[in-house]
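As the structure is a computational prediction, the values presented were derived from the model and not from experiment.
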Amino acid sequence: MPELTRRRALTAAAALAASAGAQTLLAPGASAAGHSHEGSLEPFDEVYKGRRIQGRPTGMDDMGGMGGMAVTGSGHHHGHGTGYAVFVDGVELHVMRNADGSWISVVSHYAPVAGPRAAARAAVDELQGAALLPFPAN
């Protein structure tokens, strides 16, 4: 059996780190808690900590036909191209997908999460029982 040298140990450690990184890239929605559905863009409707959270893909008809960007009468664009709507107790929670695939919401803007369901849950946690107020269009 060959002697374990520093070079071989570092090579083995680098190979192990690279394979762990490849697994993360192949399954970006998987969280440490094992909730692999967190990053999914499938519709959801559940009660989380006593609050009803819902999410569903939006079609072009829902978004004003602007490639995911709804235009209000005042010319403002909404939706941030996500093509996905999230609601907390029936009030829309504005969400945005980042370039790296993570999601943020207007409530937890500085805490990116794996998907819209996780964004809704993070918003419920951040609200701490307070009502989500409708986001003004202007």
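- For Ser108, the side chain to side chain donor-acceptor pair (under 3.5 Å) partners two or more places apart in sequence, or in a different chain, are Ser105.
- Between Tyr84 and Trp103, the angle of the ring planes goes over 60°, which puts this pair in the perpendicular group of the 30/60° scheme.
- Here the side chains of Asn98 and Met96 are in contact, with some heavy-atom distance below 4.5 Å.
- The two residues Val95 and Ala119 have their closest heavy-atom pair at CG1-CB, 4.2 Å.
- Side-chain contact check for Leu93 versus Val106: some heavy-atom pair is nearer than 4.5 Å.
- Proximity of Ile53 to Val124: side-chain heavy atoms (C-beta onward) are separated by under 4.5 Å at one or more points.
- Here the side chains of Val86 and His94 are not in contact, with every heavy-atom distance at 4.5 Å or above.
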Kindly determine whether Arg121 and Glu46 satisfy salt bridge (charged side-chain N to carboxylate O under 4.0 Å, His left out), including the steps that lead there. CA-CA 10 Å; Arg121 289 177 175 174; Glu46 67 181 49; 2.8 Å; yes
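- Looking at Arg52 and Asp45, their side chains come closer than 4.5 Å, going by heavy atoms from C-beta outward.
- Note on Phe87 and Val107: separate hydrophobic clusters, where clusters join Ile, Leu, Val, Met, Phe, Trp and Tyr whose side-chain heavy atoms are under 4.5 Å apart, directly or indirectly.
- Arg117 has its side chain out of reach of Leu41: every pair of non-hydrogen atoms, C-beta onward, lies at least 4.5 Å apart.
- Here the shortest heavy-atom pairing between Pro112 and Ile104 reads CA-CG2, 3.8 Å.
- Residues passing the side chain to side chain donor-acceptor pair (under 3.5 Å) test with Asp125, sequence neighbours excluded: Tyr48, Lys49.
- Separation of atoms CG (Leu127) and CZ (Arg51) is listed at 5.5 Å; rounding is to 0.5 Å.
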